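The structure presented is a predicted model; accordingly, all values stated were derived computationally and were not measured. In listed order, ligands and their atoms are each counted from 1.
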Amino acid sequence: MCRHAAWLGPSRPLSSLIGDPEHGLLRQAYAPRLQRYGTVNADGFGMGWYDPARAEPVRYRRSVPIWADANLAGLAEVARSGCLLAAVRSATAGMPIEESATAPFADGRWLLSHNGRVEREAVAGSGVFDDTEPESPCDSAWLASAVFTRLRAGMPVAEAVARVVTEAARADPAARLNLLVCGGTEIVATAWGDTLFTHVHEGVLLASEPLDGRPGWRAVDDRTLVLASPDGVSVTRI
Ligand code: GLN
């Protein structure tokens, strides 16, 4: 994914990440302002949210540009949750363009998006991807599976994400590893090679780049991990 965003706080519709703000993901798909790699994000999009009617989050993924889905606006206005994730994709060269390669990847209560790239061949054999079952050959699906494997083994989410990032970066020093992981009551995000911003007001917004012109957006330092929970936001060095 080349641009992603998440919300933790009082219940809001997904349109609050996509079409409502001036520079929401709908606009960032064709006119991102801070994107370092790629120019448009037209290779698909996805969103995930939590509904009391289901134990697991709901996902909606498409492999078409976000602006080409005429049904999205209505859906995004009524899909509400206190924990939201959405992403628009610019596929890395060689990666398939299909739903299964599109974030959010999901496992149990977890949703994951990846902005960046990793050389799978460089990391294969390093142990990072051992025992993983990626749903797609896409590098992001491999990283998601590596995080999910650690979560299933009972590792706390911040530790699982930090470990996968550091282990993947050790095996592929050129990797870019901005991950965004939602669990319904907490969000973990990393800045590793690309931009990440936070905005705290009534809740926490995390986004690759600011969604609007309000004051309060803060750039997150590279090589850090952000943990957002009902207790607040913490930023730690990875
Ligand atoms: N490597 C991922 C993909 O191909 C993410 C790409 C990106 O962040 N632009 O989907």
Side-chain angles (χ1 to χ4, degrees), residues 1-6 17-18 23-48 59-69 85-107 111-124 126 128-129 132 134-148 161 164-165 167-169 171-182 188-197 206-211 220 222-223 225-226:
M1 289 299 116
C2 245
R3 302 283 86 177
H4 54 206
L17 301 179
I18 296 171
H23 293 280
L25 291 177
L26 182 61
R27 178 99 173 253
Q28 289 185 25
Y30 60 86
R33 293 182 293 172
L34 301 177
Q35 194 158 325
R36 296 175 182 166
Y37 304 92
T39 50
V40 293
N41 300 290
D43 298 321
F45 70 95
M47 56 195 199
R59 259 194 311 174
Y60 182 76
R61 300 186 289 176
R62 300 287 314 275
S63 57
V64 298
I66 193 167
W67 61 80
D69 187 333
L85 183 151
V88 289
R89 181 175 183 217
S90 167
T92 297
M95 299 298 148
I97 297 176
E98 54 196 22
E99 273 171 34
S100 60
T102 306
F105 303 95
D107 189 72
L111 296 168
L112 183 147
S113 171
H114 168 225
N115 163 215
R117 58 155 294 284
V118 64
E119 200 70 54
R120 290 161 305 176
E121 293 73 16
V123 183
S126 67
V128 180
F129 298 137
T132 64
E135 68 166 315
S136 155
C138 179
D139 58 351
S140 304
W142 285 38
L143 288 167
S145 191
V147 172
F148 295 152
V161 170
V164 168
V165 167
E167 289 167 17
D172 174 9
R176 299 193 305 275
L177 299 156
N178 281 42
L179 296 180
L180 184 57
V181 184
C182 293
V188 168
T190 55
W192 191 286
D194 211 327
T195 55
L196 179 70
F197 286 79
L206 288 150
S208 303
E209 54 185 86
L211 302 176
V220 174
D222 198 46
R223 307 210 163 187
L225 180 144
V226 183

Interfacing atoms of ligand 1 (cut-off 4.0 Å, heavy-atom, [X]):
| X | answer |
| --- | --- |
| Cys138 | 3 (C), 4 (O), 10 (O) |
| Thr92 | 1 (N), 2 (C), 3 (C), 4 (O), 6 (C) |
| Met95 | 4 (O) |
| Ala91 | 4 (O) |
| Asn115 | 8 (O) |

Are the side chain of Thr190 and the backbone N or O of Trp192 linked by a donor-acceptor pair below 3.5 Å?
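Such a contact is absent between Thr190 side chain and Trp192 backbone.
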Spell out, as yes or no, whether a donor-acceptor pair under 3.5 Å connects the side chain of Glu209 to the backbone of Pro32.
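No, because the side chain of Glu209 does not come within donor-acceptor range (under 3.5 Å) of the backbone of Pro32.
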For ligand 1, does Arg89 get within less than 4.0 Å through its side chain, its backbone, both, or neither, judged by non-hydrogen atoms?
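The side chain, only.
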Please step through side-chain contact (heavy atoms from CB on, under 4.5 Å) for the pair Asn178 and Ser208, ending with a clear verdict.
CA-CA 9 Å; Asn178 281 42; Ser208 303; 6.0 Å; no
If you measure every N or O of Gly116 against every N or O of ligand 1, does any of those distances drop under 3.5 Å?
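There is such a contact, yes.
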Please check whether Asp139 reaches ligand 1 - meaning an N/O of the residue sits under 3.5 Å from an N/O of the ligand, judged on distance alone.
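Right, the criterion is met.
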Do any heavy atoms of Ser140 fall under 4.0 Å from ligand 1?
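Contact present.
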OG1-OH distance between Thr92 and Tyr37, expressed to the nearest 0.5 angstrom
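One gets 11.5 Å once the value is rounded to the nearest 0.5 Å.
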Qualifying residue for side chain to side chain contact (heavy atoms under 4.5 Å, CB included) with Cys138, from Arg89, His114, Arg117
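Running side chain to side chain contact (heavy atoms under 4.5 Å, CB included) over Arg89, His114, Arg117 with Cys138 returns exactly one hit, Arg89.
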Sequence neighbours left out, what passes ring pair (Phe, Tyr, Trp, His ring centres under 6.0 Å) with Phe129? Give chain and number order.
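Once residues adjacent in sequence are excluded, the partners of Phe129 under the ring pair (Phe, Tyr, Trp, His ring centres under 6.0 Å) criterion are Trp142.
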Could Arg176 and Asp222 be called an ion pair, given the rule that one side-chain N must be under 4.0 Å from one carboxylate O?
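Asp222 and Arg176: not salt-bridged.
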